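This is a predicted model, so every value here is computed, not measured.
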Amino acid sequence: MPIFAGGSCTLSVSGGSVRYVDGTTIPSDWEGLNLEGIALVVGDVDSGKTTLTTYLLNRHVARGLSTCVVDADVGQSSIGPPGVVGLSCVGLPTPTLEGLHMIGGFFVGCNSPSQCVGRFISGG
């Protein structure tokens, strides 16, 4: 989990390790993104979709905007259990989507949208 310190700080890690990176861990092309309204984040497996979504959520929250996230990654869900399209709305920064509380959603009963296209599109 990348942690950026804008000044001096003390970091304590239990059960893990720390690696210091000189500079930013945010890809430079992300900083230029200016998304308003609704955004759909899609990409290949392990391409950084959840990390980008968390980054965008925190940028919007830092501007004082309440932000909602729909997690439709039913195979590797961060908001809710597997097989569920989950919804969470937040007004505070969060380090990971896994820490968000699911306030709504629906069970599609599969781990891939291609396995149940009709239920995935219709919402249940």
T53/V69 under side-chain contact (heavy atoms from CB on, under 4.5 Å): CA gap, chis, key distance, verdict: CA-CA 8 Å; T53 300; V69 176; 4.0 Å; yes
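Annotation: ring-ring contact (aromatic ring centres under 6.0 Å, His included) contacts involving residues 43-100, sequence neighbours excluded, comprise W30-Y55. The side-chain hydrogen bond (donor to acceptor under 3.5 Å, both in side chains) contacts involving residues 75-92 comprise D71-S77, S78-E98, where partners must be two or more places apart or lie in separate chains. Applying the salt bridge (Lys or Arg N to Asp or Glu O under 4.0 Å) test to every pair with at least one member in residues 37-63, sequence neighbours left out, gives these pairs: E36-R63. Residue pairs meeting the ring-ring contact (aromatic ring centres under 6.0 Å, His included) criterion with at least one partner in residues 69-99, sequence neighbours excluded, are absent.
For the pair E31 and D29, the minimum side-chain heavy-atom distance is 4.5 Å or more. Residues V13 and L11 form a side-chain contact, since some pair of their non-hydrogen atoms from C-beta on lies under 4.5 Å apart. Taking 4.5 Å as the limit, every side-chain heavy atom of V84 sits out of range of all side-chain heavy atoms of V74.
Closest heavy-atom contact between V90 and L100: CG1-CD2, 3.3 Å. Nearest heavy-atom pair across C68 and L87 is CB-CD1, 4.1 Å.
Atom CZ of residue F106 and atom CZ of residue R119 lie 10.5 Å apart, to the nearest 0.5 angstrom. If you take CG on L97 and OG1 on T50, they are separated by 6.0 Å, rounding to the nearest 0.5 Å. Going from atom NE2 of H101 over to atom SG of C89 covers 11.0 Å, rounded to the nearest 0.5 Å.
Note on L33: it does not cluster hydrophobically with L65, by side-chain heavy-atom contacts below 4.5 Å among ILVMFWY residues.
Every residue two or more places apart in sequence or in another chain was checked for a side chain to side chain donor-acceptor pair (under 3.5 Å) with T94, and none qualifies. Considering only residues two or more places apart in sequence or on other chains, S8 meets the side chain to side chain donor-acceptor pair (under 3.5 Å) condition with none of them.
The main-chain N or O of N111 is found under 3.5 Å from a side-chain atom of Q115 such that the two form a donor-acceptor pair.
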